[in-house]
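Residue numbering restarts at 1 for every chain, and letters A, B, ... go by the order of the sequence lines.
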2 protein chains.
Amino acid sequence: MLTRKQHELLRFIQTRLDETGISPSFEEMKDALDLKSKSGVHRLISALEERGFIRRLPNRARALEVLRRADEGGQTAPAANSNVVPFAKPEATAPAPAGDVIEIPLHGRIAAGVPIEALEDQAILPVPAALLGPGEHYALEVSGDSMIEAGILDGDFALVKRTEIANDGEIVVALVRGEEATLKYLRRENGMIRLDPANAAYEPQIYAANEIKVQGKLAGLLRRYFH
Amino acid sequence: MLTRKQHELLRFIQTRLDETGISPSFEEMKDALDLKSKSGVHRLISALEERGFIRRLPNRARALEVLRRADEGGQTAPAANSNVVPFAKPEATAPAPAGDVIEIPLHGRIAAGVPIEALEDQAILPVPAALLGPGEHYALEVSGDSMIEAGILDGDFALVKRTEIANDGEIVVALVRGEEATLKYLRRENGMIRLDPANAAYEPQIYAANEIKVQGKLAGLLRRYFH
DNA sequence: TTAATTGTTCTCAAAATGTTCACAAGTGGA
DNA sequence: TCCACTTGTGAACATTTTGAGAACAATTAA
């Protein structure tokens, strides 16, 4: 059982770690929680540590680690009244389907090689929890056939984990020169970044490291055939 | 967990080790991090070692080993009771999931060309309703690469609609001579039935109409990438 | 052994971060 | 109402992190 603030902080740390791999500093956490003094953060951190949700190295900068993740389900809005956020019990809810499903927003289409089409109105896609790991995810409809040899076809839905961290050989959503987002294999080569399509008809593209920003990595895929 | 520099260095080491198998030297790391002195690298290495991310042999050249990769979540709490199970908030979110999800049984694996492995204990897979049409469905884990050119990979989950009716060109679960079930393109040719793999390495197979029984047709596909 | 490579320490200095304390106030339960 | 906690704020202070350079030690190859 965490208090509202503790929960809020834990979620912030989690997300930050998922997305960048770098622990937030007290200063950053202070801002994220909209506080004006770091001492408050310090207390929250101690509380989280005491309760076993995080681990840390005292006196070390940015040395936080999440041991037990906060509930990832809903967005921000915990019940407005209570000051405490109950934790879901492991036994969970009976055979209720809800527990096995995660709802993720459909952010638009990603055309391999063409700008991403942002989608304002959030279409929501329920996805089996088993398909995703921890972290925040969103879906993109794949357009184009540049990843066809990786079994990713035009019209498929790519389930993407939001993160800036990816290893060589993983399929990522890469933002090229701040302009176009594309789904490709990521590869680093002596300081440069190469985006490899999975289609012999397309050429790998090489960029300077600062031209590419990884926005997420492929975590799952959905496809429907015509009924 | 890590500071920006520590993270940056760890990733460099990782990648370097993945690609060449040889540890970078301090000099190389210095350059990679754009530093002008090796002492900085030394400190970072110590920090990484202290935090358990790498191991090294002191005084030995190029003797680094990555113990824990940068993007891997924490040390997966050895909690016996996996409260790792993702939960959905009871109150749930706006677009009520229940109606958007259908639960289908996982019936086992279907090896393209090899008998189906029936699975007694029903694993249940919740699937977005949007992926399926009307009718009864079940899931099969795909084994083998005979449909690889159709974007169906080993390990994917095929969502199958139970039906005996299928049109030419559709992908079906076909029971061959009452023995083995296989996932293939269906084609009819003057009274005979041809099952086409989607892999140039495999041959189409032709059967008498009464040797083949269509058990279902492919309605959807799920895939997960390593998390 | 010599030379070349590679790792280890130390010092200086500045910037970034974490730690503590004291003072106030709000909440919920006994 | 009183007590035990949780929140918020500020500010002084303690440490760590980062960077640069240089001298020196250990290991390796020839």
Side-chain angles (χ1 to χ4, degrees), chain A residues 1-13 16-17 20-67 70 76-87, chain B residues 1-13 16-17 20-67 70:
Chain A
M1 197 119 145
L2 298 179
T3 67
R4 170 194 302 297
K5 276 297 186 188
Q6 289 163 0
H7 191 258
E8 193 182 341
L9 177 56
L10 179 55
R11 288 183 61 94
F12 173 71
I13 296 173
R16 190 58 166 268
L17 244 24
T20 70
I22 300 172
S23 288
S25 68
F26 278 56
E27 184 74 19
E28 291 165 347
M29 295 187 269
K30 182 201 75 176
D31 291 341
L33 295 196
D34 218 15
L35 296 181
K36 296 186 179 156
S37 167
K38 291 183 293 186
S39 62
V41 175
H42 197 277
R43 271 190 304 224
L44 291 173
I45 290 286
S46 300
L48 285 175
E49 193 180 7
E50 190 178 4
R51 286 158 221 226
F53 282 83
I54 66 175
R55 193 161 71 90
R56 65 178 305 228
L57 296 131
N59 270 312
R60 291 279 190 262
R62 298 173 186 272
L64 300 177
E65 181 179 356
V66 173
L67 294 178
T76 14
N81 49 27
S82 170
N83 218 356
V84 267
V85 180
F87 248 69
Chain B
M1 223 177 290
L2 300 179
T3 66
R4 172 177 306 301
K5 277 297 184 190
Q6 289 161 0
H7 193 257
E8 200 180 324
L9 177 56
L10 177 56
R11 290 182 60 70
F12 173 71
I13 296 173
R16 190 55 167 271
L17 242 26
T20 72
I22 302 173
S23 287
S25 70
F26 277 53
E27 186 72 19
E28 290 165 345
M29 295 187 269
K30 183 202 73 174
D31 291 339
L33 295 199
D34 216 16
L35 295 181
K36 296 183 180 159
S37 165
K38 291 182 296 185
S39 65
V41 175
H42 195 275
R43 271 188 308 216
L44 290 173
I45 290 285
S46 301
L48 286 176
E49 199 179 1
E50 175 191 335
R51 282 155 223 228
F53 282 82
I54 64 174
R55 196 154 66 96
R56 62 180 306 231
L57 299 151
N59 277 315
R60 287 316 171 63
R62 299 172 187 276
L64 299 178
E65 183 184 353
V66 174
L67 295 178

* **Non-hydrogen atoms of A/E27 and A/K38 that approach each other most closely** => OE1-CD, 3.6 Å
* Structure fact -> A/E27 atom CD is separated from C/dG18 atom P, nearest whole Å, by 9 Å
* Side-chain N or O of B/H42 less than 4.0 angstrom from OP1 or OP2 on C/dG7? -> no
* Asked: Taking all atoms of both residues into account, what is the closest heavy-atom pair of A/A32 and A/E8, and its distance?
  -> O-OE2, 4.5 Å
* What nucleotide, of C/dT19, D/dG19, D/dT17, holds the atom closest to the side chain of A/R56? -> C/dT19
* Asked: Tell me, for nucleotides 23-30 of chain D in 5' to 3' order, what letter each nucleotide earns: B for a base near a protein heavy atom under 4.0 Å, S for only sugar-phosphate near one, - for neither?
  -> ---SS---
* Structure fact -> Here the pair of heavy atoms bringing B/E28 nearest to B/S25 is OE1-N, 2.9 Å
* Think B/S25 has a side-chain N or O under 4.0 angstrom from the OP1 or OP2 of C/dT5? -> no
* Looking across every strand, which nucleic acid part, if any, lies under 4.0 Å from B/G40 by heavy atom: base, sugar-phosphate, or nothing? -> nothing
* To do: Mind calculating the distance between CD (B/Q6) and P (D/dT17) to the nearest angstrom?
  => 6 Å
* Asked: If you look at every heavy atom in A/L33 and A/L44, which pair is closest and at what distance?
  -> CD1-CD1, 3.6 Å
* Less than 4.5 Å apart, any side-chain heavy atom of B/L9 and any of B/L2? -> no
* Asked: For the pair made of CZ in A/F26 and P in C/dG18, what is the distance, rounded to whole Å?
  -> 5 Å
* B/S23 and B/L64: which non-hydrogen atoms are nearest, and at how many Å? -> OG-N, 3.0 Å
* Donor-acceptor under 3.5 Å (A/R62 side chain, B/T3 main chain) -> no
* To do: Would you mind reading off the distance between B/L64 atom CG and C/dG7 atom P, rounded to a whole angstrom?
  => 8 Å
* Tell me whether the OP1 or OP2 atom of D/dT17 has a side-chain N or O from A/R62 closer than 4.0 Å. => no
* For atom NZ of A/K30 and atom P of D/dT9, their distance in whole Å -> 10 Å
* To do: Figure out the CZ/P separation between B/R4 and C/dA16, and round it to whole Å.
  => 12 Å
* Asked: Has the side chain of B/S37 got a donor or acceptor that lies under 3.5 Å from a partner of the other kind on the base of D/dG19?
  -> no
* To do: Calculate the interatomic distance between A/D34 atom CG and D/dT7 atom P; express it in whole Å.
  => 15 Å
Can you give me the N/O atom pairs linking the protein to nucleotides 11-14 of chain C at distances under 3.5 Å, or say none if there are none?
none

* Calculate the interatomic distance between B/K36 atom NZ and D/dA22 atom C1'; express it in whole Å. => 16 Å
* **Minimum heavy-atom distance B/H7-A/G21, with the two atoms named** => CD2-O, 3.5 Å
* Asked: Would you call B/R51 and A/E65 a salt bridge, using N to O less than 4.0 angstrom?
  -> no
